[in-house]
Number of protein chains: 2
Amino acid sequence: MSNSEGAEGPAPGNRGAAPCCPPLTERPLTAEEAERTAAMFKALGDPVRLRLFSLVASHEGGEACVCDISDVGVSQPTVSHHLKKLREAGLLTSERRGTWVYYRVAPSVVAAMSAMLAPRS
Amino acid sequence: MSNSEGAEGPAPGNRGAAPCCPPLTERPLTAEEAERTAAMFKALGDPVRLRLFSLVASHEGGEACVCDISDVGVSQPTVSHHLKKLREAGLLTSERRGTWVYYRVAPSVVAAMSAMLAPRS
């Protein structure tokens with residue numbers, strides 16, 4: 001066992017999480033595009049998960065571990081579960097350092113979601 | 001009965017759908033902010049609903065009725081159901097004209113969602 005495990009890499013479930021689609025005002029999504037993109041929006045469709053996402057996104061240094069999160073009214077295992085779901089959806093990346101897994105926003109994925117909702121220019 | 005019914009106004013369930021929150025990178029959302037905002041993301045978290053939203057958003061004139069939508073692989077009542085859900089979440093507005101209800105994007109709500117996901121400036 002080495003203590004320099006480094007990045008965990010992409011979650012097994014997030015191969016489809018790369019930014020994919022034009023602004024929603026441009027043309028209708030195909031079924032396949034809708035399938036992969038809906039999963040990203042769904043990940044933010046839970047109040048606790050959305051709050052945790054904002055906690056990570058706004059945390060000092062742009063990253064946070066479960067050890068930084070204490071006041072959302074759910075247990076630490078539940079926090080871990082939700083952070084994993086956000087990682088599987090491609091919205092967070094993670095890196096293990098020692099005891100803790102640190103999460104940060106996947107900027108290109110979240111920026112792509114923002115662009116999809118951007119007003120018609 | 002008048003045939004100039006005009007706008008249907010906001011859906012009963014979308015009083016909380018006004019844009020509410022700062023970018024997610026700015027500060028953690030409060031529980032209440034997360035509650036009302038998660039409902040908007042959840043509305044786009046279903047592939048059929050997301051596809052219908054893109055159909056309305058990209059339709060000629062910026063509006064569409066069920067009569068304009070035929071090729072998403074679900075029945076017309078199901079289309080109607082999903083469009084109502086999007087309206088209840090505040091993402092679409094609707095107006096009845098004659099037989100049909102026409103839907104269009106609620107631009108301020110969707111722009112606020114986009115801004116919440118925008119990268120740190």
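Computed from heavy atoms alone, side chains included, the values below leave out hydrogens, waters and symmetry copies. All figures in this text were calculated on a predicted structure; none of them were measured in a lab. So that the names make sense, note that chain A is the first sequence line, chain B the second, and so on, each numbered from 1.
Contacts between A/Glu35 and chain B at a heavy-atom distance below 4.5 Å involve backbone atoms as well as side-chain atoms. Of the two parts of A/Thr30, only the backbone, made up of N, CA, C and O, holds a non-hydrogen atom closer than 4.5 Å to a non-hydrogen atom of chain B.
Among the candidates A/Val56, A/Val110, A/Leu44, the residue making the largest number of heavy-atom pairs closer than 4.5 Å to chain B is A/Leu44. Of all the listed residues (A/Lys42, A/Met113, A/Arg51), the one sharing the greatest number of non-hydrogen pairs under 4.5 Å with chain B is A/Arg51. Contacts with chain A were tallied for B/Arg27, B/Glu33, B/His59; B/Arg27 has the most, counting heavy-atom pairs under 4.5 Å.
Evaluation of the side chain to side chain contact (heavy atoms under 4.5 Å, CB included) rule for A/His82 yields A/Asp46, A/Val48, A/Arg49, A/Leu52, A/Thr78 as partners, not counting sequence neighbours.
Among all heavy-atom pairs drawn from A/Ala34 and A/Leu29, the shortest one is CA-CD1, 3.9 Å. Heavy-atom minimum distance, B/Ala57 versus A/Leu24: CB-O, 3.4 Å. Between A/Met40 and A/Ala89, the shortest heavy-atom distance links the atoms CG-O, 3.8 Å.
A donor atom on one side chain and an acceptor atom on the other are found under 3.5 Å apart for B/Ser114 and A/Ser114.
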